[in-house]
Amino acid sequence: MLKTHTCGELRLENAGQTVTLAGWVNRRRDQGGLIFIDLRDRWGVTQVVIDQASNPDAHQIASDSRSEFVLQVTGLVRRRPEGTDNPELETGLVEVVADKISQLNASKTPPFYIHKEEKIEEVRRMEYRYLDLRRPRMQQNIILRHRTMKFIRDYLDAQRFIEIETPILFKTTPEGAREFLVPSRYHAGKFYALAQSPQQFKQLLMVSGYERYFQIARCFRDEDLRGERQPEFTQLDLEMSFVEREDVMSLIEALMTDLVEKVSGKQLLFKPFKRLTFREAMESYGSDKPDLRYGLEAIDISDLGGKCAFPVLVSNVAEGKPVKVMRVPGAAKVSGTLLRKQAADLETLARGAGAKGLAYIALPENEAEEVKGPAAKYFTVEQKMELIQRTGAQPGDLLLFISDTRKVVYAVTDILRRTLAAQMNLGDPNILAFCWVYDFPLVEWNEDEKRWDPSHHLFTAPVWDDIQYMDSDPGRMRGQQYDLACNGYEVAGGSIRIHKADLQERILKLIGQDLEHARKMFGHLLEAFTYGVPPHGGIAWGLDRLVMLFAGEPNIREVIAFPKTQTGADIMVNAPSPAAAKQLAEVHISVVEEDIEDEEKGS
RNA sequence: GGGGGUGUGGUGUAGCGGCCUAACAUAUUGCCCUGUCAAGGCAAAGACCGCGGGUUCGAAUCCCGUCAUCCCCGCCA
């Protein structure tokens, strides 16, 4: 080894030892005859001091060294002189007096700071990702990701799970996300698809009797990207046999609780995790992945709405549309002009989500004053009292009225909650509010295609008692599905699967799959189901999102070592790139000329 | 597929029709400096303002197009 210690571990008790450190020049402070070098590796920073008078050779090398040079330093650890301690550094009580310095490598001036936290344009960071990853913040994120995965593996191993790899080169499936295609060289005109998830294989592993499988699996989806979505991402994929919904949920909850408490450094808001039915989540929060770190619930006041004098509300209620009110704490504690402007902004937002307007009542800070707002005059004093009582409103609060079709009410509730929470800074990033959402509808009516679509995926089992509605009222069937939401993100989702071929065929038929076609696509699975399948179920976590929340980062690129841009490009290696004609010929591909992008464009 | 933001020395920003011969900070280079740790002092170098076109007497600034990137909607079983 070229080092005896890391740059983060020397303490007072090491004083007197001769050590060898190796790392990067974090900073150099040249005072002429005396040079200080902060030597950095991923464990920390240690100050090296070089005295020209006592060691001219080392001084010369130190003098020639620049930021990010790679040095090896041998010297004596000593307590720093009185008054020169640096409490900012973990190693700040000691320093290494250089006896010998070797320049293991020089470095060009880096394109951005390694040692200083500063916003750098993401393009630049991606272009020099290997330098970006040298920055402490990124190193912490990557280490946190490793610790998360290590913890999961150890935990599941102790629970008698085994990790099994499944193919990445899979085949196209008709349902689901757009896939990346891989042409076959042996089979002209045929293609593999990169696996969107190990879903089918993990179910087959249950058929094979492994009972407890997991995998930290790379998945691929060729859909448009977002801050929380990458074309390749990582799932913790897990499947268990002979279980019911509750078994999977409690195992996952125990694992997640332990993981959060031992690895993330974050605080759990709910222990045990909150549980909401899909319907409850939508009614109160307008989302199936609500952020529960704050209130801002939509409270149903349809009965009051029907009785008040507000014509729109009255007619909405008559048409069976709900009336909801959302209490925004303290939002009315501003001047009348500002309040009107803010309310107008919120109304614009609501309109964007499909609403026709957004009425409000502002409760004055001084209780003697009249309530304000365009909706105020339509409610009697008793009705206002009732509103205040039901919402728990305080002086200075703002009450927003949301009324439309359920779909619109949900959308407006969601967007208002997200926007207000962001504006009012309600989401404490140190708190993780995990919440199970369950009892999703099994299928949803697709108006465009005039057919039923699975709301999770087509292997999800219906709640057994709901199978009776299969033919009469499919929309009434609930799926044995469970999602785990956290701080407004979906971090995991799973279900108990169908384990009988006949039921699977009925579902395929229901969702409009031509049975012959379905047999072609899923024949292997249906066939497997005839050889004794255990009841089984599982879950898949979005590991990137979870680590993102643990790290307190705003997007998953910050916790992925080599991520891609929003157009799926890797700026560092310059992928994707054209393929040579010979390569294309081998895989029986010809590229249509007009589709080729002009290589000269841009830079 | 659609909407929006951003693009100015290496980096981060300012400038938003003429005062721009483009400012500031930092980094870089040179010199000085033996207790610094955001080291300090002095000096120097460094930008055809993403690219192309247009409007104008005059464009970093306004308009159109284009490229890149970020955010959002659609999409993501």
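Reminder, nothing fancy here: chain letters follow the sequence lines and each chain counts from 1.
- Across all strands, A:T419 comes closer than 4.0 Å to no nucleic acid atom at all (heavy-atom distances).
- The distance from atom CG of A:L349 to atom C1' of B:C72 is 12 Å, rounded to the nearest whole Å.
- In this structure, B:C20 forms no base pair with any nucleotide, since neither Watson-Crick nor G-U wobble geometry is met with both distances under 3.5 Å.
- Between B:G7 and B:G12, the two C1' atoms lie 14 Å apart (nearest whole Å).
- Remark: aromatic rings of A:F201 and A:F170 are close, center separation under 6.0 Å.
- For the residue pair A:R40 and A:H115, no side-chain donor N or O sits within less than 3.5 Å of a side-chain acceptor on the partner.
- Within 3.5 Å, no donor on the side chain of A:R124 pairs with an acceptor on the base of B:G12, nor the reverse.
- Across all non-hydrogen atoms, the minimal contact from A:I114 to A:R135 is O-CG, 3.5 Å.
- Both distances falling under 3.5 Å, in either a Watson-Crick or a G-U wobble arrangement, occur for no nucleotide opposite B:U61.
- A donor-acceptor contact under 3.5 Å is not formed by the side chain of A:R125 with the base of B:G12.
- Across all strands shown, B:A44 pairs with B:U28; the Watson-Crick or G-U wobble distances both stay below 3.5 Å.
- Nucleotides B:C49 and B:C62, compared at atom P, are 15 Å apart to the nearest Å.
- Evaluation of atom-type donor-acceptor distances gives a pair under 3.5 Å for the side chain of A:R80 against the base of B:U36.
- Distance, A:E127 CD to B:C70 P: 13 Å, rounded to whole Å.
- The gap from the C1' atom of B:A27 to that of B:G65 amounts to 36 Å, rounded to the nearest Å.
- In this structure, A:D288 atom CG and B:C76 atom P are separated by 14 Å, rounded to whole Å.
- Under the Watson-Crick or G-U wobble criterion, with both distances below 3.5 Å, B:G7 is paired with B:C67.
- Salt bridge present: A:R557 and A:E122 bring a charged side-chain N and a carboxylate O closer than 4.0 Å.
- Within the 4.0 angstrom heavy-atom criterion, no nucleotide atom of any strand lies near A:Q196.
- With hydrogens and angles ignored, a donor-acceptor pair under 3.5 angstrom links the side chain of A:Y113 to the base of B:G10.
- You won't find any donor-acceptor pair under 3.5 Å spanning the side chain of A:Q31 and the base of B:G41, going by distance alone.
- Regarding A:K564, its NZ atom lies at a distance of 17 Å from the P atom of B:A68, rounded to whole Å.
- Evaluation of atom-type donor-acceptor distances gives a pair under 3.5 Å for the side chain of A:Q47 against the base of B:U36.
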Tabulated below should be each protein N or O lying under 3.5 Å from an N or O of nucleotides 28-30 of chain B; please produce it.
unit_1 : atom_1 : unit_2 : atom_2 : d
B:U29  : OP1    : A:R66  : NE     : 3.0
B:G30  : OP2    : A:R66  : NH2    : 3.2

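- Residues A:D38 and A:R28 are not paired through a salt bridge, judged by the lack of any N-O separation under 4.0 Å between the basic side chain and the carboxylate.
- Among the protein residues, A:R78 comes within range of the nucleic acid bases, having at least one heavy atom under 4.0 Å from a base atom.
- OP1 or OP2 of B:C71 has at least one side-chain nitrogen or oxygen of A:Q566 nearer than 4.0 Å.
- Distance A:R29 CZ to B:A38 P: 7 Å, rounded to the nearest Å.
- Among the atoms of the strands shown, base atoms are found under 4.0 Å from some heavy atom of A:D85.
- Across the C1' atoms, B:C63 and B:G17 are found 13 Å apart, a figure rounded to whole Å.
- Put simply, A:F36 rests on the base of B:U36: the two rings are less than 5.5 Å apart at their centres and nearly parallel, under 30°.
- Taking 3.5 Å as the limit, the base of B:C70 and the side chain of A:R557 contain no donor-acceptor pair of atoms between them.
- Contacts of A:D30 with the nucleic acid, taken as non-hydrogen atoms under 4.0 Å apart, include base atoms.
- Nucleotides B:C16 and B:G41 are separated by 30 Å at their P atoms, to the nearest Å.
- Counting only residues at least two apart or in different chains, salt bridge (charged side-chain N to carboxylate O under 4.0 Å, His left out) contacts with residues 80-97 of chain A comprise A:R11-A:E90, A:R78-A:E95.
- The nearest whole Å value for the distance from the CD atom in A:E121 to the P atom in B:C71 is 13 Å.
- Comparing A:R221 and A:D224 by the nucleotide of RNA chain B whose heavy atom lies nearest to each, the residue mapping closer to the 5' end is A:D224.
- For A:R497 and A:S495, the side-chain atoms include at least one donor-acceptor pair closer than 3.5 Å.
- If you take CD1 of A:I114 and P of B:A27, they are 14 Å apart, rounded to a whole angstrom.
- Residue contacts shown for A:Q230 are absent, as no nucleic acid heavy atom lies under 4.0 Å away.
- One N or O donor and one acceptor, one from the side chain of A:R229 and one from the base of B:C76, sit under 3.5 Å apart.
- Going from the P atom of B:C24 to that of B:U34 covers 31 Å, rounded to whole Å.
- Here A:R226 does not reach the OP1 or OP2 of B:C71: none of its side-chain N or O atoms lies under 4.0 Å away.
- Residue contacts for A:P81: at a heavy-atom cut-off of 4.0 Å it reaches a base atom on one of the strands shown.
- The gap from the C1' atom of B:A23 to that of B:G15 amounts to 7 Å, rounded to the nearest Å.
- Taking atom P in both B:G35 and B:C20, the straight-line distance is 43 Å, to the nearest Å.
- In terms of position on RNA chain B, the residue among A:F112 and A:E88 whose nearest nucleotide sits closer to the 5' end is A:F112.
- Between A:H524 and A:F522, the ring-plane angle classifies as tilted under the 30° and 60° cut-offs.
- Side-chain contact, A:N86 with A:Q47: no donor N or O sits under 3.5 Å from an acceptor N or O.
- The interatomic distance linking A:E118 (CD) with B:C24 (C1') rounds to 13 Å, in whole Å.
- At least one side-chain nitrogen or oxygen of A:T567 sits closer than 4.0 Å to the OP1 or OP2 atom of B:U69.
- With a 6.0 Å cutoff to the six-membered ring centre and a 45° limit on the axis angle, A:R545 does not count as a cation-pi contact of A:Y489.
- Residue-environment remark: NZ (A:K171) exceeds the threshold of 12 foreign heavy atoms within 6.0 Å.
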